[in-house]
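Proteins get letters first, then strands, A, B, ... in listed order; numbering begins at 1 in each.
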2 protein chains.
Amino acid sequence: MDALDTLPDEEFLRLDRQICFSLHAAARAFNGVYREALKDLGLTYPQYLVMLVLWEHGELPVKGIGERLRLDSGTLSPLLKRLEAAGYVERRRSAEDERSVTARVTAEGAALRERALGVPRRIAAATGLDLADIADLRERLGILSERLDGADPAALRPSCG
Amino acid sequence: MDALDTLPDEEFLRLDRQICFSLHAAARAFNGVYREALKDLGLTYPQYLVMLVLWEHGELPVKGIGERLRLDSGTLSPLLKRLEAAGYVERRRSAEDERSVTARVTAEGAALRERALGVPRRIAAATGLDLADIADLRERLGILSERLDGADPAALRPSCG
DNA sequence: CGCCATTTAGTTGTGCACAACTGAATAGTG
DNA sequence: CACTATTCAGTTGTGCACAACTAAATGGCG
């Protein structure tokens, strides 16, 4: 018997206002500090995420980026075009598989990495958390994402709760 | 001497890829389960957030909603128009202060609340967390948001970290 | 080989977030 | 009272997220 089951719906709705607001607000707050920290690099937060995986791998197909960031082509295609227009990334159709497009970091993109090295530290400082707290939060959020992504859609419908 | 200070930049960039991805992904995962849970109500996740505060207060000026959800008129104005078009909300200029617009829950909006009562419980079940974990996460995220929202912009720029 | 299902990017349309701005109403000051 | 600064909602423009779709290339099967 879980404590969840004993709580009245009314109470629960109030609680939901708090938890779902907290997460929503935290995500936007993070977005805000990254926006500020990345302003000089000319990157948005999602663009920075893409550059992070590209810096790590040198080049990746769009599909590979999407798998790592859980983003689809509807988000990535225009984002990569903007990164290409900024000169940080090159896109070209794969020779082996004409369906695939590979994104590759340009020299300018590689140079950008040097300027980005200080970003994480400044963000971490802004959170006021130490390394252990950050690792713990990352762990919790990772588990949460997995559970939510794997949630049974049917269990979320009205008839089932 | 914080452990943050001893970590090399390179290591930190890799860590950042993990933490900022985790939060971004968690926020989108939450969005996803709410999207599913709210589908039958015809509400998006941000619309649900607005309805939650309106259900709590009956009516609020746009400014009041914005303060509670940390959203500005650029986001709220069109969102409220959509809620009005859906019949859940009524908007009217305040008589005392012609600058202000008050959003009020309609009868249909109040009826919607009954259908929304089961939502939080289903979301909570999908997280796999118990009440204590949820409260703890909410607490941490709340503190985090406050710190990030209050962060000194200058401390996020390149010269300062 | 010929046909069809699958894979892969890309496009379109909707909604949210936010910056920058507008315009109207109000508050404050000399 | 006149003038200015502030407040408040709304609009515009950019970018992201995602659903639904298109188009082209590939793989597999009869």
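- Protein atom CD of B:Glu84 is 14 Å distant from nucleotide atom C1' of D:dG10, rounded to whole Å.
- No engagement by A:Leu76 is indicated, since no non-hydrogen atom pair under 4.0 Å with the nucleic acid exists.
- The heavy-atom pair separating A:Leu156 from B:Ala126 by the smallest distance is CD2-CB, 4.1 Å.
- Closest approach to the A:Arg99 side chain among C:dT26, D:dC18, C:dT6 is made by C:dT6 (side chain taken as heavy atoms from C-beta onward).
- B:Arg28 has a side-chain polar atom (N or O) that falls below the 4.0 Å cut-off from OP1 or OP2 of D:dC18.
- When the side-chain nitrogen and oxygen atoms of B:Arg91 are compared with OP1 and OP2 of D:dG10, one or more of them lie within a distance under 4.0 Å.
- Residue B:Pro78 is classed as having no contact, given no heavy-atom separation below 4.0 Å to the nucleic acid.
- The shortest distance between the side-chain N/O atoms of A:Ser100 and the OP1/OP2 oxygens of C:dT7 is not below 4.0 Å.
- Within 4.0 Å (heavy atoms only), A:Thr75 reaches at least one base atom of the nucleic acid.
- Atom CG in A:Leu80 sits roughly 12 Å away from atom P in C:dT11 (whole-Å rounding).
- Taking each heavy atom of A:Pro158 and B:Asp40 in turn, the nearest pair found is CD-OD2, 3.0 Å.
- A:Ile123 and B:Ile143 fall into different hydrophobic clusters, where Ile, Leu, Val, Met, Phe, Trp and Tyr residues are linked whenever their side-chain heavy atoms come under 4.5 Å apart, directly or through other members.
- When the nucleotides C:dA9, D:dA9, D:dA19 are ranked by their closest atom to the side chain of A:Asp72, D:dA19 comes out on top.
- Nucleic acid contact for A:Ser73: base, since at least one base atom lies under 4.0 Å from a heavy atom of the residue.
- Atom pair B:Tyr34:OH and D:dA17:C1' shows a separation of 18 Å (rounding to whole Å applied).
- A sub-4.0 Å separation between OP1 or OP2 of D:dA25 and a side-chain N or O of A:Arg93 is absent.
- One can place OH of A:Tyr45 at 13 Å from P of C:dC18, the figure rounded to the nearest angstrom.
- Nucleic acid contact class of A:Lys81 (heavy atoms, under 4.0 Å, all strands): sugar-phosphate only.
- Between A:Leu69 atom CG and D:dC18 atom C1' the separation is 15 Å, expressed in whole Å.
- In this structure, A:Asp97 reaches the sugar-phosphate backbone alone: every heavy-atom distance under 4.0 Å involves primed, P, OP1 or OP2 atoms, never a base.
- Of the two residues contacting DNA chain C, namely A:Thr102 and B:Ala95, the nearest-nucleotide position lying further toward the 5' end is that of A:Thr102.
- Here the side chain of A:Val101 is nearest to one of D:dC8, C:dA9, C:dC18, namely C:dA9.
- Note: A:Tyr45 and B:His24 have perpendicular aromatic rings, judged against thresholds of 30 and 60 degrees for the angle between ring planes.
- Comparing D:dA25, C:dT11, D:dT11 by their closest approach to the side chain of B:Ser77 singles out D:dT11.
- The listed nucleotides are C:dT8, D:dA17, C:dA25; the one nearest the side chain of A:Leu71 is D:dA17.
- Distances from the side chain of B:His24 to the nucleotides D:dA17, C:dT26, D:dG10 place D:dA17 closest.
- What separates CG of B:Asn31 from P of D:dA19 is a distance of 10 Å, to the nearest Å.
- Between A:Asp149 atom CG and D:dA17 atom P there is a gap of 14 Å when expressed in whole angstrom units.
- Among the nucleotides D:dT6, D:dA24, C:dG15, the one closest to any side-chain atom of B:Gln47 is C:dG15.
- Counting to the nearest Å, the P atom of D:dC18 and the CZ atom of A:Arg70 are 12 Å from each other.
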